[in-house]
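What follows is one structure encoded as structure tokens, with my remarks underneath.
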Amino acid sequence: MAAAFGTVFMPEMAITWFDGSNWSVPEMVSSDSISLHPGAHVLHYSSTCFEGLKAFRHADGSVNIFRMDRNIARLSQSSRLLGLPALDDASVARMIKDTVARFADEVPAPPGSLYIRPTHFGTEPAIGKAAVPSVTSCFYVLVSPVGDYFAGGDKALRLLLEDQGMRCAPHMGMIKSGGNYASALQPIMRARDSVQADQVLFCPGGDVQETGAANFLLIDGNEIITKALDESFLHGVTRESILTLAQDMGMQVSEREITVDELLQRAAKPGCEAALSGTAAVLAPVGTLIYQARNMP
Ligand SMILES: *Cc1c(COP(=O)(O)O)cnc(C)c1O
């Protein structure tokens, strides 16, 4: 049995600290631990954001990072929306490339990859700053070799449609920030316990959005339907890549609102499939939608 996704780390990572005026020169340090003041802003007010991207080994042996520019742009946006110090995109790119290059020999062969977790958070020791951004911060690039996400059996997922609650506050949806996952945890734990769902598909007020960490796609014959971008959900790089490929293949791409009613109607027809998209899950097939205690294959 392979180690669980994201539990094995390479021993070093690139790191830089912002002191309020300048970023320190990035260094390669041990990834065993970092030192933080117990009053650090992130530990109290969740001033944190991260990214998830992958480096792949190609047939010619070279190691290539998938669409790094998109993740760096999203990290900058997350940092800005959280009031964290601005990152320098070129420096972030260099730190990601340096960390991947450092462990290039250990990038697993496909379907494995090196999962890259850039992380940025507020470090200012100031527990009175509940409504004020952290002046100082830390940014590092942690990497983790991952195997086949589906090694445990490529079984179709059970999704609970949740139309009462929401994953996170609507204005936080497009920020890849720790607090959003904490916010989604209760409904996900409840769905696991009560109906053995693998994931919750959040559909606040009947508007089909996304799951806890992946986007939702409905594939109905030649049409692929997914929610249009707004600030309420995370704009996945995988989602964007799949929509581009689908368009190139001649499929009709519909980015628009889809209601729970329409989803259930379409899903009941033959030739209609659903999937979750994300860097970790890639494209994971949905087998069952559960709504108001009813199972719909
Ligand atoms: C990371 C994430 C996704 C998928 O984004 P990718 O860029 O495709 O990996 C979707 N939804 C949420 C909530 C996420 O955290």
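Remember, it's a predicted structure, so these values are computed and weren't measured experimentally. Indexing begins at 1, ligand by ligand and atom by atom, following the structure's order. All heavy atoms count here, side chains included; hydrogens, waters and symmetry mates do not. Numbering of residues begins at 1 and proceeds along the displayed sequence.
- Donor-acceptor pairing under 3.5 Å is lacking for the side chains of D207 and T259.
- Numbered from 1 in the order shown, with element, the atoms of ligand 1 that lie under 4.0 Å from a heavy atom of A214 read 10 (C), 11 (N), 12 (C).
- Using a 4.0 Å cut-off between a side-chain N of Lys or Arg and a carboxylate O of Asp or Glu, E255 and R239 qualify as a salt bridge.
- Among V260, L160, L159, L201, the one residue that satisfies the side-chain contact (heavy atoms from CB on, under 4.5 Å) test with Y291 is V260.
- Between R239 and ligand 1, no pair of N/O atoms sits closer than 3.5 Å.
- Looking only at side-chain heavy atoms (C-beta outward), S47 and L82 stay at 4.5 Å or farther from each other.
- Residue E210 places at least one N or O, backbone or side chain, under 3.5 Å from an N or O of ligand 1.
- A cation-pi geometry, defined here as NZ or CZ lying under 6.0 Å from the six-membered ring centre and within 45° of its normal, holds between R167 and Y181.
- Given atom 5 (O) of ligand 1, the protein heavy atom at minimum distance is G236 CA, 3.3 Å.
- Inter-residue side-chain proximity for Q77 and M174 is flagged as met; some heavy-atom pair is nearer than 4.5 Å.
- A salt bridge links R102 with E12: the closest approach of a Lys/Arg side-chain nitrogen to an acidic carboxylate oxygen falls below 4.0 angstrom.
- In this structure, atom 8 (O) of ligand 1 lies nearest to the protein heavy atom T238 OG1, 2.7 Å.
- Those atoms of ligand 1 that come under 4.0 Å of a heavy atom in R167, given as number and element, are 13 (C).
- Polar contact check, K176 against ligand 1: a nitrogen or oxygen pair lies under 3.5 Å apart.
- Atom 9 (O) of ligand 1 has T279 OG1, 2.6 Å as its closest protein atom, hydrogens excluded (heavy atom only).
- In summary, E106 and R57 do not engage in a salt bridge, as defined by a charged side-chain N under 4.0 Å from a carboxylate O.
- Protein heavy atom in closest approach to atom 3 (C) of ligand 1: A213 O, 3.5 Å.
- Here the heavy atom of the protein found nearest to atom 4 (C) of ligand 1 is G278 CA, 3.9 Å.
- A distance of 6.0 Å or more separates the ring centres of F50 and F121.
- Interface of N215 with ligand 1, defined as ligand atoms under 4.0 Å from a residue heavy atom, comprises 10 (C).
- Residue contacts with ligand 1: G173 is excluded, as none of its non-hydrogen atoms falls under 4.0 Å.
- Among the atoms of N71, none of the N or O lies under 3.5 angstrom from an N or O of ligand 1.
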Apply ring-ring contact (aromatic ring centres under 6.0 Å, His included) to H120 and W23, showing your working.
CA-CA 12 Å; H120 185 202; W23 286 100; 5.7 Å; yes
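- Taking distance alone, with nitrogen or oxygen atoms compared against 3.5 Å, V237 approaches ligand 1 more closely than that limit.
- Within the listing of ligand 1, atoms 5 (O), 6 (P), 7 (O) sit less than 4.0 angstrom from a heavy atom of R74.
- For atom 15 (O) of ligand 1, the nearest non-hydrogen atom from the set F50, F66, Y181 belongs to Y181.
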